[in-house]
Novice: 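Below are the structure tokens for one structure; questions will follow.
Note that ligands are numbered from 1 as they come in the structure, with each ligand's atoms numbered from 1 the same way.
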Amino acid sequence: MKAAVIGSPISHSLSPFIFDFISEEQNYPIEYLSFEVTPSECKDFIYSKAHDDNFLGLNVTLPLKELSLEAIYYASKEVKSIGALNLLHFKEHKIYGYNTDIVGIMKTLEDKNFLVEGKNCLLLGAGGSAKAVAYVLGTLKALNVLIFNRSEKRDELVLQFSALFPHTIWSSTSKIEYEQTLKEPFDLMINTIPLGMTGKDSGVEFFNSLKVLKFNKEALAFDLIYTPEQTSFLNLADSLGLKTVGGLGMLIDQALATWKVWIGDLKNEKELHHKLKVFLNSILNSRLNHEPIYLTGFMGVGKSTVGFELAKLLKRKFVDVDKLIESRTFLTISEIFSEKGEAYFRSLEKEIILELSGVQDIVVALGGGALIDDISFKTISKSGVLIYLCALEDTLMERITNQEQSKYQERPIMAHLSLSEKKQKIKELLSLRKERYQKAKITIQTDDLNARNVAYEIVSFLCKIKSSEKRG
Ligand code: NDP
């Protein structure tokens with residue numbers, strides 16, 4: 001079965017990684033895709049997928065959360081109240097709309113043992129996710145909700161939610177000032193303003209303005225923004241001595257809720273939640289690092305396929321040194337070896353490695369013999385993280401044979417050798433190159449893993465290295 005996330009832009013979405021992870025952990029195969037869909041294409045796109053019997057449904061993100069309502073046959077109570085959805089389920093070509101952000105927000109507050117009833121709350125932002133927050137605060141009977149927003153959308157929210165939840169007192173402000181504080185200090189502050197994610201939009205100045213407000217001793221600060229793990233908002237909340245929680249748990253809970261709507265049951269939910277959190281934190285933290293990542297290892301070990309998966313995971317560019325040499329010389333690697341010799345090939349390889357060492361945010365698949373050259377080895381070790389993908393000799397032999405059969409082309413170093421000679425060659429080359437391979441910062445034994453899982457392992461190691469560097 002298939003499913004997908006739609007929106008625009010969509011390349012930043014973590015949903016494909018989340019659902020691949022859940023699918024593998026639950027041993028329930030689904031193919032999860034992502035589509036760039038603009039508002040003008042939205043309705044037709046949804047209809048076309050609803051009529052594809054292979055599709056379970058769609059996750060919907062900005063800017064389609066409200067627009068997609070026009071396409072649905074059934075809207076849940078929450079969707080009707082808020083006027084926005086993030087999940088579509090297709091059943092017999094009919095389209096059902098849900099909002100699982102609400103589940104994620106409720107679950108986060110529950111996990112923090114925070115009781116909303118009778119509490120004073122500050123909601124920062126008045127966009128789509130602020131509506132889901134307001135719905136939760138109203139449902140859980142907050143006493144007061146003050147909505148801060150720079151545009152007048154704040155007043156629309158006050159009107160909408162006063163009508164839905166009259167027992168809560170709704171008000172709004174465009175300024176954070178001491179006088180704007182409610183008579184009572186705040187118990188809960190929830191941020192939905194997408195600031196604090198990068199250096200440029202750090203939001204420090206804005207969040208510092210919150211210092212004038214008064215909070216109760218047990219007050220909780222909840223940031224829906226989940227990247228980086230420690231946002232500017234959470235830093236500010238820490239400095240005020242508040243309890244804090246980030247948005248990653250919510251992101252996971254809304255995905256798990258999606259799975260339950262599409263598939264039904266979910267095995268070991270608590271454990272899965274924990275594993276997903278570790279996995280996503282590894283991806284997000286690794287994305288904050290920009291130095292080149294080099295993949296080394298014997299020919300056939302899977303440097304290119306792993307490199308491609310890893311680049312997708314870390315939002316980097318993928319460079320295959322052999323392919324780059326081929327495109328620059330208009331010759332295949334075999335032709336370079338036979339017509340110009342190995343020394344010529346190595347000099348081109350060295351030149352390219354030097355060039356790539358100054359480029360940020362790339363994953364580089366090196367040729368199997370690239371580390372033998374001292375200058376290349378030093379350049380790589382100094383400029384980035386070297387990762388060794390290793391496999392047993394039998395696995396290498398099997399992979400090389402499979403690749404040669406599918407590409408109808410022998411590896412230049414293996415050309416014209418019999419099977420037993422090839423085995424012998426692998427042994428010899430491995431013993432020659434092993435010492436350099438083993439200088440890598442990370443070694444991954446790949447025999448029993450597919451390319452995607454090798455990429456996941458790498459990301460988890462990168463994150464561990466970073467945290468031990470921080471500690472040390
Ligand atoms: P919207 O675009 O609908 O709303 C954004 C809100 O932020 C608006 O109120 C906007 O104010 C305000 N805003 C934006 N930029 C600034 C700024 N520079 N200064 C002050 N206010 C600003 O987005 P959503 O509500 O859908 O999403 C907001 C964030 O929440 C996103 O980063 C998203 O990733 C995150 N999110 C996290 C989820 C999770 O699972 N953890 C789930 C859903 C969302 P104005 O009206 O004045 O433009």
Novice: Please report the shortest heavy-atom distance between Ser129 and Ile105, naming the atom on each side.
Specialist: O-CD1, 4.5 Å

Novice: With His274, which residues qualify under side-chain hydrogen bond (donor to acceptor under 3.5 Å, both in side chains), at least two apart?
Specialist: none

Novice: For the residue pair Phe165 and Tyr135, categorise the inter-ring angle as parallel (less than 30°), tilted (30 to 60°) or perpendicular (more than 60°).
Specialist: perpendicular

Novice: List, ordered by chain and residue number, the protein residues whose closest non-hydrogen atom lies under 4.0 Å from any atom of ligand 1.
Specialist: Leu62, Asp101, Gly125, Ala126, Gly127, Gly128, Ser129, Asn149, Arg150, Ser151, Lys153, Thr192, Ile193, Pro194, Leu195, Leu224, Ile225, Tyr226, Gly247, Met250, Leu251

Novice: Can you name the residues that form a ring pair (Phe, Tyr, Trp, His ring centres under 6.0 Å) with Phe90, not counting sequence neighbours?
Specialist: none

Novice: Provide the full list of side chain to side chain donor-acceptor pair (under 3.5 Å) pairs with a residue in residues 15-25, sequence neighbours left out, each pair given once.
Specialist: Ser13-Ser15, Asp20-Arg452, Glu24-Asn453, Glu25-Lys275

Novice: Treating Trp170 as the side-chain partner and Val145 as the backbone partner, does any N or O pair qualify as donor plus acceptor under 3.5 Å?
Specialist: no

